[in-house]
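Have a look at the structure below before the remarks.
Predicted, not measured: the structure shown is a model, and the values here were computed from it. Below, chains carry the letters A, B, ... as their sequence lines are ordered, and counting in each starts from 1.
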Protein chains: 2
Amino acid sequence: MRRKRIRNWENRLKEEGYKITSPRKTILSVFEQLGGHPNAREVFNDLSSRSPDIGLTTIYRTLELCVRLGILKKYDFGDGHSRYEITNEKTDHHHHIICEKCSKVIEYRDFLDEETMLIKKIQNKLEKKFHFEIKQHVLDFYGLCKECIDKKKESE
Amino acid sequence: MRRKRIRNWENRLKEEGYKITSPRKTILSVFEQLGGHPNAREVFNDLSSRSPDIGLTTIYRTLELCVRLGILKKYDFGDGHSRYEITNEKTDHHHHIICEKCSKVIEYRDFLDEETMLIKKIQNKLEKKFHFEIKQHVLDFYGLCKECIDKKKESE
DNA sequence: TTGGTAATGGTAATCATTTTCATTTAAAGG
DNA sequence: CCTTTAAATGAAAATGATTACCATTACCAA
C-alpha cells in the first residue's frame, strides 16, 4: 500500500484562508527535503539556483506565517539568526545541543522518563506559583562539539 | 561585624589587565542596584539622566567584556534584544519563565536538587553519545503571564 | 606629574528583519 | 477557459540592534 504524501501544511494554509502559491510550495519543500534548522538566508541561498526569483522578503514572510500556523517552529540559539524547522510528529518535541564555537546544532529526542516527569512536575508548580499558563519549554545544552575540542587541542 | 562589599568584578577586571574606569563602574552599578535582565538600551536609558555622557557603544562593549569575564550572564529570550544579568552566588543558577506576549521574565531557582541530579545524568549521556563537552544548559518555560491571560479574556 | 596604552564616544557601517508599494497571481464564478 | 479581485510577491527603502573605525580622553605605573 503506497502511502500518499499528505502535505499537511497545504491543508493548514487553506483552513486559514491562505493561498497555496508557488513560492510557498518551494519554500516548504526546502524544509521537507533538507530538514535541519535553516535560517532565512540559508533557505534563500538553497533556493538561489533552483528558484532565483523568490525574494528574501517572501522567505521571511512565509517563515513567519508558517510559525503562526504551527507549520514551522522557530528557534533562537543566540547566534543572531532565527532558525526554523518543520513541525511534524517526528520532530515535534526534542531538545538541542549547541556548539558555542561553531554553532552546530544536534537534536535529540530520547528523553528519560524521569525527565518528562520532572518537567511536568516543575511546570505544574510554576503555573500555580506564578499564575502562568505554560505552553512550552526549552531544555538546551551548550558546549563544545568534538571538532571544536580537537581544533582547540591542536592549537595549544 | 560589618561585611565589606567586595566588588568581585573589579578584581576580575584587574586580574585580566583591564582598567577600572568610570563608565565601567557606572554601568556595573546599574546591575548591582537594579537587578533584572536589562538589555543594552535599557541600561543606556537608565543612565541617561545620571550619566548622559556614556555612549551606547561603551555600554555594548562593557557588557560583552563582562560576559567574556563571567561578570555578567547573557540571555536570549528571542525578542530581538540580548539581555544581561550580573553573576553572583545568589543569581548563579536559575531558570526563567517568559511571557510570550509581553516578554516579562520571571526567574526561579526552586527544585534545583532534583533538577541537578537529573541534568547531570542527561548531560553524561549526551556527552558520551555526541562527543560534546557540555558547559551549561538552559531550562526555560514559555507561556502567558497572569496579566496577559486576563487581557485576553477581557477582549473576548 | 607624565607617558604610554587602553578605553571612550560619536559616527558610519553592517546585518537581520520589516515596511511600503507597485505589480503579479491564485482561485472563485461565470 | 476567461474574468475579477483580494491576497501574495519582489524590489527597494526603512528600521533597529549591534559592531567597526578613529580621533580624543583618561587610567595608572613609573
Side-chain angles (χ1 to χ4, degrees), chain A residues 7 9-30 37-69 71-72 74-84 103, chain B residues 7 9-30 37-69 71-72 74-84 103:
Chain A
R7 275 193 281 252
W9 57 264
E10 290 201 359
N11 297 328
R12 282 292 292 131
L13 284 176
K14 277 185 186 154
E15 268 169 36
E16 305 285 337
Y18 294 100
K19 294 176 180 169
I20 311 303
T21 65
S22 163
R24 284 176 182 165
K25 281 183 197 164
T26 310
I27 292 168
L28 266 300
S29 78
V30 172
H37 313 77
N39 59 37
R41 181 154 300 274
E42 285 166 352
V43 173
F44 182 75
N45 290 341
D46 188 64
L47 291 179
S48 61
S49 48
R50 263 188 292 161
S51 312
D53 41 347
I54 296 182
L56 190 51
T57 307
T58 298
I59 310 243
Y60 273 107
R61 264 188 305 231
T62 303
L63 296 181
E64 283 308 308
L65 174 64
C66 289
V67 169
R68 246 181 296 134
L69 301 190
I71 295 166
L72 295 177
K74 184 176 185 175
Y75 295 104
D76 195 332
F77 298 139
D79 66 341
H81 318 278
S82 293
R83 300 183 163 277
Y84 303 83
S103 294
Chain B
R7 274 194 282 254
W9 56 266
E10 292 202 358
N11 297 329
R12 281 293 292 130
L13 285 177
K14 278 185 187 158
E15 269 169 36
E16 304 284 338
Y18 294 100
K19 293 176 180 169
I20 311 302
T21 67
S22 164
R24 284 175 182 165
K25 281 184 198 164
T26 309
I27 292 168
L28 266 300
S29 79
V30 172
H37 313 76
N39 60 37
R41 183 156 297 275
E42 284 166 353
V43 173
F44 183 74
N45 290 343
D46 188 64
L47 291 179
S48 62
S49 48
R50 263 189 292 161
S51 310
D53 41 348
I54 296 182
L56 190 52
T57 309
T58 299
I59 311 242
Y60 274 107
R61 262 189 307 232
T62 303
L63 297 180
E64 284 306 311
L65 175 63
C66 289
V67 170
R68 246 182 294 134
L69 301 190
I71 295 165
L72 296 176
K74 184 176 186 175
Y75 295 104
D76 195 332
F77 298 139
D79 66 341
H81 319 277
S82 292
R83 298 183 166 278
Y84 303 83
S103 295

Any [X] side-chain nitrogen or oxygen under 4.0 Å from OP1 or OP2 of [N]:
X: S82(A); N: dT17(C); result: yes
X: Y60(A); N: dT18(C); result: no
X: R24(B); N: dT8(C); result: yes

- Query: What are the residues of residues 47-55 of chain A, sorted by number, that bring a heavy atom to within less than 4.0 Å of DNA chain D?
  - Reply: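 Those residues whose heavy atoms fall under 4.0 Å from DNA chain D, taken from residues 47-55 of chain A in numerical order, are D53(A), I54(A), G55(A).
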
Rounding to a whole Å, what distance do you find between [X]:[atom1] and [N]:[atom2]?
X: Y75(B); N: dA17(D); atom1: OH; atom2: C1'; answer: 21 Å
X: F77(B); N: dA17(D); atom1: CZ; atom2: P; answer: 17 Å
X: R83(B); N: dT18(D); atom1: CZ; atom2: C1'; answer: 15 Å
X: E42(A); N: dA16(C); atom1: CD; atom2: C1'; answer: 13 Å
X: L56(B); N: dG9(C); atom1: CG; atom2: P; answer: 11 Å
X: I27(A); N: dA8(D); atom1: CD1; atom2: P; answer: 13 Å
X: N45(B); N: dA17(D); atom1: CG; atom2: P; answer: 10 Å
X: R61(A); N: dA16(C); atom1: CZ; atom2: C1'; answer: 16 Å

- Message: Name the residue from L72(A), T21(A), I54(A), L65(A) that meets the side-chain contact (heavy atoms from CB on, under 4.5 Å) definition with I27(A).
- Response: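 Answer after filtering L72(A), T21(A), I54(A), L65(A): I54(A).
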
When you compare the protein's N or O atoms with those of nucleotides 27-30 of chain D, which come within less than 3.5 Å of each other, and at what distance?
residue : atom : partner : partner atom : Å
dC27(D) : O2   : K19(B)  : NZ           : 3.2
dC28(D) : OP1  : I20(B)  : N            : 2.9

State, yes or no, whether a side-chain contact exists between [X] and [Y] at a heavy-atom distance under 4.5 Å.
X: I59(A); Y: L47(A); value: yes
X: C66(B); Y: L28(B); value: yes
X: R50(B); Y: S29(B); value: yes
X: K25(B); Y: W9(B); value: yes
X: D79(A); Y: N39(A); value: no
X: P38(B); Y: D46(B); value: no

- Message: By the salt bridge (charged side-chain N to carboxylate O under 4.0 Å, His left out) test, which pairs, at least two apart or in different chains, include something from residues 52-69 of chain A?
- Response: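 For residues 52-69 of chain A: E64(A)-K74(A).
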
- Query: From the list dT20(C), dA16(C), dT18(D), which nucleotide is the closest neighbour of the side chain of T57(A)?
  - Reply: dT20(C)

- Item | R12(A) side-chain N/O to L69(A) backbone N/O, donor-acceptor pair under 3.5 Å |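 Looks like yes, one N/O pair under 3.5 Å.
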
- Message: Considering every strand and a 4.0 Å limit on heavy-atom distances, what is the contact class for G17(B): base, sugar-phosphate, or nothing?
- Response: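 The residue G17(B) makes no contact with any strand.
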
